[in-house]
2 protein chains.
Amino acid sequence: MAAKPFLPVLYELARTFQAFDSFSAGHVRELGLTPSQFDIIATLGNTQGIPFKELGEKTLITKGTLTGVVDRLVEKKLVKRVACPKDGRRQYVQLTAAGEQVFAQVFPEHLAHLEQVFSGYTQQDFDNIVAVLQKLKQAFQATGTPMEEAE
Amino acid sequence: MAAKPFLPVLYELARTFQAFDSFSAGHVRELGLTPSQFDIIATLGNTQGIPFKELGEKTLITKGTLTGVVDRLVEKKLVKRVACPKDGRRQYVQLTAAGEQVFAQVFPEHLAHLEQVFSGYTQQDFDNIVAVLQKLKQAFQATGTPMEEAE
DNA sequence: TATTGTTATACTCTATAACTATA
DNA sequence: TATAGTTATAGAGTATAACAATA
C-alpha cells in the first residue's frame with residue numbers, strides 16, 4: 001500500500017477532536033447533563049425559543065431522537081414546549097426559568113473550564129489554528145459531501 | 001459576556017471534524033459498522049494487534065464499554081482476542097483475516113476520495129497541521145486528565 | 001399529499017461499580 | 001494489594017419506520 005502523507009492529518013484531527021469532546025463531556029457530565037442535553041441548552045441560550053425542527057438541524061440530532069432528548073430536559077424542567085399559534089404542527093422549544101439559570105451559570109463555567117486549555121496560547125496562535133482548520137474544512141466541503149444545504 | 005478568543009478554535013475543530021466525519025460516514029454505515037467499531041478497525045489496521053488497555057486509551061473508550069464493543073466485532077468475526085503469553089491478565093485485540101480485508105478494501109476507497117481533498121497540500125502543510133493539532137490535543141489531555149503522569 | 005412531531009423497535013454506547021483472575 | 005478485563009446495571013443516544021395531526 002502506498003504511503004499516504006495526509007493520514008497523520010486525519011488521525012490527529014480525529015484524536016484532537018475526541019480529546020476536546022471527551023474533555024468537554026467530562027465536565028458537562030459533572031453538571032448532570034449529557035452532551036446532547038448540554039448542546040441543546042447551549043443552543044437555546046440567548047434565544048426566545050427555537051422551532052423543534054430547527055433545533056434538530058442545528059444540533060444534528062434527528063427528529064425521533066430529539067423528541068426523547070427534549071423529553072428528558074422537560075422532565076428536568078429545563079426546557080418547555082410551546083405551541084406555534086400559526087401552525088398547529090409546529091412548536092418551539094424554549095428554556096424555562098430554571099433552564100435560563102443553568103445556561104447563565106453553567107455555560108460560563110464551561111467556558112472557564114475550557115479556557116484552562118488555552119492558557120499558553122496567543123491570539124496569533126488562535127488565528128493560525130483557525131486558518132489551518134478552515135482551509136481543511138473547506139477542502140472537505142468542496143470535494144463534495146452529498147449533503148443538501150438548504151441555505 | 002466576555003469575548004472568548006478560543007471559541008473559534010473549538011468551533012472550527014468541531015466543524016472540521018464533522019466535515020471529515022460526514023465525508024466518510026457513508027462507507028462506515030454501508031459496512032454495518034458503528035463509529036466506535038470503525039474507529040477500532042482503523043486503529044487496529046496495519047498493526048500486529050494492540051493490547052486491550054492501549055486500545056481503550058487510543059479510542060477513549062472505557063474498559064467496560066470496550067468489552068462490549070469488542071464483543072460485537074468478535075461476533076462479526078472482524079477481530080479476535082489473543083491472550084498475552086507473558087501476563088495472563090492481558091490480551092491483545094487483533095484483526096481477523098476478514099477484518100484485515102475490510103480494512104484493506106475499505107480504507108483505500110476512503111483514501112482515494114480523501115486524496116482529492118489534499119491535492120493542494122504539500123508535505124510541509126501536513127507537518128504543520130499535525131504539529132498544530134498535536135499541541136492542541138496534548139493541551140486537552142494535560143488539562144483534562146488528572147491521571148498519574150503516564151509519560 | 002406533504003410536513004411536523006411522536007411513538008415504537010431494536011440496538012449501541014456510556015459510566016460506574018462489583019467481580020474474577022492473574023500478578 | 002494492585003492490575004487487566006469481564007459482568008451487571010441503568011440510563012441515554014442512535015437510526016429507522018410507521019403513525020397522527022395539521023397544512
Side-chain angles (χ1 to χ4, degrees), chain A residues 18 21-41 43 49-76 78-94 147-148 150, chain B residues 18 21-22 25-26 28-41 49-76 78-94 144-145 147-148 150:
Chain A
Q18 280 186 342
D21 201 42
S22 164
F23 180 78
S24 180
H27 183 244
V28 165
R29 214 174 303 110
E30 287 173 12
L31 304 170
L33 296 173
T34 66
S36 292
Q37 290 169 9
F38 180 79
D39 196 0
I40 289 176
I41 298 287
T43 303
I50 291 182
F52 183 93
K53 187 179 183 182
E54 187 180 331
L55 185 59
E57 289 166 353
K58 283 188 188 260
T59 57
L60 299 179
I61 299 174
T62 52
K63 60 181 182 179
T65 302
L66 187 59
T67 293
V69 180
V70 169
D71 282 348
R72 282 164 219 122
L73 285 170
V74 169
E75 284 172 18
K76 291 177 178 177
L78 296 178
V79 310
K80 58 186 171 185
R81 292 176 164 92
V82 178
C84 175
K86 296 185 176 180
D87 187 336
R89 299 169 302 182
R90 309 184 73 201
Q91 62 189 12
Y92 290 83
V93 184
Q94 201 175 67
M147 302 276 293
E148 48 198 335
Chain B
Q18 283 178 353
D21 200 41
S22 91
V28 173
R29 199 180 308 169
E30 284 173 16
L31 295 169
L33 297 175
T34 67
S36 291
Q37 291 169 8
F38 183 78
D39 194 4
I40 288 176
I41 298 287
I50 291 181
F52 183 93
K53 186 178 183 182
E54 186 181 333
L55 185 59
E57 288 167 353
K58 283 188 187 259
T59 57
L60 295 181
I61 299 175
T62 53
K63 59 182 183 178
T65 302
L66 188 58
T67 293
V69 179
V70 169
D71 281 348
R72 281 163 220 121
L73 285 170
V74 169
E75 283 172 17
K76 291 177 178 178
L78 296 178
V79 310
K80 59 185 171 186
R81 291 177 165 92
V82 178
C84 175
K86 296 186 176 181
D87 187 336
R89 298 169 302 183
R90 309 183 72 201
Q91 61 188 16
Y92 290 83
V93 184
Q94 200 176 68
T145 59
M147 296 177 53
E148 50 278 80

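These values consider heavy atoms only, across backbone and side chains, with no hydrogens, waters or symmetry-generated copies. Within every chain, numbering begins at 1; the chains are lettered A, B, ... in the order of the sequence lines, protein sequences first and strands thereafter.
For the atom pair K58(B) NZ and D39(B) CG, the distance stands at 11.0 Å (nearest 0.5 Å).
Here the C1' atom of nucleotide dG5(D) and the CD1 atom of I50(B) are 17 Å apart, to the nearest Å. Regarding E57(B), its CD atom lies at a distance of 13 Å from the C1' atom of dG5(D), rounded to whole Å. Straight-line distance from the NZ atom of K76(B) to the C1' atom of dC11(C): 10 Å, rounded to whole Å. Distance, R29(A) CZ to dG13(D) P: 12 Å, rounded to whole Å. In this structure, I61(A) atom CD1 and dA12(D) atom C1' are separated by 11 Å, rounded to whole Å. When the C1' atom of dA4(D) is taken as reference, atom CG of L55(B) falls 14 Å away, rounded to whole Å. As rounded to whole Å, 12 Å separates atom C1' of dA12(D) from atom CD of E75(A). One atom, CZ of F38(B), and another, C1' of dT12(C), lie 18 Å apart when rounded to the nearest Å.
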Which donor-acceptor pairs under 3.5 Å do side chains of residues 82-91 of chain B form with protein atoms, sequence neighbours excluded?
| from | atom 1 | to | atom 2 | distance (Å) |
| --- | --- | --- | --- | --- |
| D87(B) | OD1 | R89(B) | N | 3.0 |
| D87(B) | OD1 | R89(B) | NE | 3.2 |
| D87(B) | OD2 | R89(B) | NH2 | 3.1 |

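Panel note: side chain K76(B), backbone G32(B); a donor-acceptor pair is recorded below 3.5 Å.
You'll find the side chain of T67(A) reaches within 4.5 Å of the side chain of F52(A), heavy atoms only. L66(A) is not listed as a side-chain neighbour of E57(A), based on a closest heavy-atom distance of 4.5 Å or more. Using a 4.5 Å heavy-atom cutoff, the side chains of V69(B) and T59(B) are not in contact.
Nucleotides of DNA chain D nearest to K86(A) and R72(A) differ in position, and the one nearer the 5' end is that of R72(A).
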Please list, pair by pair, any protein nitrogen or oxygen found under 3.5 Å from a nitrogen or oxygen in nucleotides 5-8 of chain C.
| from | atom 1 | to | atom 2 | distance (Å) |
| --- | --- | --- | --- | --- |
| dG5(C) | OP1 | Q91(A) | N | 2.9 |
| dG5(C) | OP1 | Q91(A) | O | 3.3 |
| dG5(C) | OP2 | K53(A) | N | 3.0 |
| dG5(C) | O3' | Q91(A) | NE2 | 3.1 |
| dG5(C) | N7 | K63(A) | NZ | 3.3 |
| dG5(C) | O6 | K63(A) | NZ | 3.2 |
| dT6(C) | OP1 | R81(A) | NE | 2.9 |
| dT6(C) | OP1 | R81(A) | NH2 | 3.4 |
| dT6(C) | OP1 | Q91(A) | NE2 | 3.1 |
| dT6(C) | OP2 | T67(A) | OG1 | 2.7 |

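Between S36(B) and dT14(C), a side-chain N or O to OP1/OP2 separation shorter than 4.0 Å is present.
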